[in-house]
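All residue numbers in this chain count up from 1 along the given sequence.
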Amino acid sequence: MNAPSLFRNRFLQTILLSSVLLQVGIWVRNFAILLYVADRTNNDPYAISLISVAEFAPIFVFSFIGGTFADRWRPKRTMIWCDLLSAVSVFVVLLTIHYGSWHSVYLVAFISAILSQFSQPSSMRLFKYHVPEEQLQQGMALFQSLMAIFMVLGPMLGTFVYSTFGLEISIAVMGLVFLLSALVLIRLPEDHMQAQTVPVKGQFLKEFIEGFRYVWQSQVLRMLGLAFILAGLAVGVAQALNLFIVTERLGRSEEFLQYLLMVNGAAMLIGGGIVAVFAKRVPPQILLAIGMIAGAVCTAIVGYSTSVSLTLTVQFLNGLVFPCIHIGISTMILKWSEASIVGRVNGVLNPMFVGMMVVSMSFAGALKGAFSLGTIYGGAGLLFLLGALVMVPIMNQKAPDNTQIAQET
């Protein structure tokens, strides 16, 4: 099947358009809340850190639950309802902000993050259902490219909307694009998956546990979980201390950080396109290992570099290869999971990455006080390298077909 047929896939067309709308809303929301809270509290670190708590805490609590329900409910209907409820909640919160309770801005991120834990695994189920097996990796590469575009444009878009129109219009924009996304998703082809309408006592807990058992019994998914943990630890500490790389290692002002992020995002866009071209020929385990090894080398160099040109070059190279990690992981989850359990597998593995990222972010300040930036970034690079080595035992594993998922023990 040739590449153009991927773009003629009605599901992919619809889900990409929906994702564009959601990314606009998310980036406008993120920067509106960040800049508003910073202005309102005079850059209070505690108040600003609460934004991250509001965004990430629901992942710990609701990812497992959302994944289980996503496997029980009709995925198309679940996604439409999640976007509609997000839009409604945004407009309700907007009213409370308008009438004086500015702390409600945290609820915008919190409620949206909760609903995404039900919507995202449903999207993964539909992806497996509607995209041919041989095109899964290319489809994931397209999503990675979309994310990269918004990593470059998102901060500028969010800052522009907030500085031009203020908080309330920014929040209203988010509500509007979530509403538009729900309307776009109506165009999704029918999935013909039967919802479980009759509740059975103890059934939810049984299905919940089944997700953990499924991951544990699969050698590939087990190793992927370990790679998630190591990558999360490395990414968290590196992200938290990026500002110090700019100010201490490069001797530049804080504003220079945006250029590092833009270079990285532009490279991710190019890298996603390159991977999309070669995706069919490279197994996802090898893609993931390549991304982890490149991350190890580039992270260590960034920690020791005092040259602006070297750091920017390495950031570009890192961004170029980083899509291999995201695409490799997503493809492995889809290929090694039955359609009926994709939501729960995603719900088990996703918090491992985010959880470890938040843990390492929280310890980053203490590490900074005890060690040099070079040592910390070298340690983060070592974690990436260990993540690549974890892939070695499963490097030659072949993905099972759609009709039978063999569990490797």
Side-chain angles (χ1 to χ4, degrees), residues 5-30 58-59 62-63 65-94 108-132 135-136 138-147 149-150 154 157 171-197 330 333-334 337 339-340 342-344 346-347 350:
S5 63
L6 188 66
F7 291 97
R8 289 200 295 267
N9 186 310
R10 182 177 167 184
F11 162 76
L12 204 62
Q13 291 171 351
T14 306
I15 210 75
L16 283 172
L17 178 55
S18 168
S19 296
V20 168
L21 292 167
L22 294 179
Q23 284 294 307
V24 168
I26 287 166
W27 280 100
V28 169
R29 174 200 76 191
N30 287 352
I59 296 175
F62 291 97
S63 184
I65 300 169
T68 303
F69 276 114
D71 285 338
R72 301 180 106 200
W73 296 338
R74 296 281 291 272
K76 176 182 175 180
R77 191 177 300 169
T78 301
M79 292 173 69
I80 292 172
W81 271 107
C82 284
D83 282 357
L84 281 174
L85 290 172
S86 287
V88 170
S89 68
V90 165
F91 290 121
V92 170
V93 171
L94 184 58
V108 175
F110 187 73
I111 295 171
S112 174
I114 290 174
L115 290 168
S116 71
Q117 300 313 304
F118 294 84
S119 179
Q120 196 265 344
S122 297
S123 174
M124 293 279 278
R125 281 189 74 196
L126 285 178
F127 211 101
K128 188 170 179 70
Y129 189 83
H130 289 296
V131 178
Q135 291 185 329
L136 283 176
Q138 285 178 302
M140 282 299 157
L142 285 175
F143 269 97
Q144 178 61 44
S145 298
L146 180 65
M147 298 302 109
I149 289 171
F150 278 95
L157 175 66
I171 300 298
V173 165
M174 181 193 172
L176 181 62
V177 294
F178 269 91
L179 193 60
L180 289 173
S181 174
L183 293 173
V184 165
L185 290 174
I186 293 172
R187 186 176 176 270
L188 281 174
E190 291 303 319
D191 48 57
H192 304 297
M193 298 180 194
Q194 293 301 312
Q196 294 183 23
T197 53
S330 300
I333 290 175
L334 287 172
S337 306
S340 62
V342 165
R344 278 166 285 175
N346 190 70
N350 193 37

Can you list everything that forms a side-chain contact (heavy atoms from CB on, under 4.5 Å) with [X]? Sequence neighbours excluded, please.
X      : result
Val20  : Leu146, Phe150
Ser123 : Ile15, Met79
Leu22  : Ser18, Asp83, Phe178, Ser181

As an exercise, state the distance from [atom1] of [X] to [atom2] of [Y], rounded to the nearest 0.5 Å.
X      : Y      : atom1 : atom2 : result
Ile26  : Leu21  : CD1   : CG    : 11.0 Å
Leu188 : Leu12  : CG    : CG    : 10.5 Å
Leu176 : Leu180 : CG    : CG    : 4.5 Å
Leu84  : Leu115 : CG    : CG    : 10.5 Å
Met174 : Trp27  : CE    : CH2   : 13.5 Å
Thr78  : Leu185 : OG1   : CG    : 11.0 Å

Evaluation steps, side chain to side chain contact (heavy atoms under 4.5 Å, CB included), between Val93 and Ile171: CA-CA 9 Å; Val93 171; Ile171 300 298; 5.6 Å; no

Minimum-distance pair of heavy atoms, taken over all atoms of Arg29 and Ser112: NH1-OG, 3.1 Å

Heavy-atom pair of closest approach, residues Arg187 and Gln13: NH2-OE1, 3.1 Å

Contacts of Ser119 that satisfy side-chain hydrogen bond (donor to acceptor under 3.5 Å, both in side chains) - sequence neighbours left out: none

With Ser89 via side-chain hydrogen bond (donor to acceptor under 3.5 Å, both in side chains) - residues at least two apart: none

Test log, rule side chain to side chain contact (heavy atoms under 4.5 Å, CB included), inputs Leu183 and Ile186: CA-CA 5 Å; Leu183 293 173; Ile186 293 172; 4.2 Å; yes

Partners passing ring-ring contact (aromatic ring centres under 6.0 Å, His included) against Phe110 (at least two apart in sequence or in another chain): none

Stepwise side chain to side chain contact (heavy atoms under 4.5 Å, CB included) test for Phe118 and Trp73: CA-CA 10 Å; Phe118 294 84; Trp73 296 338; 3.8 Å; yes

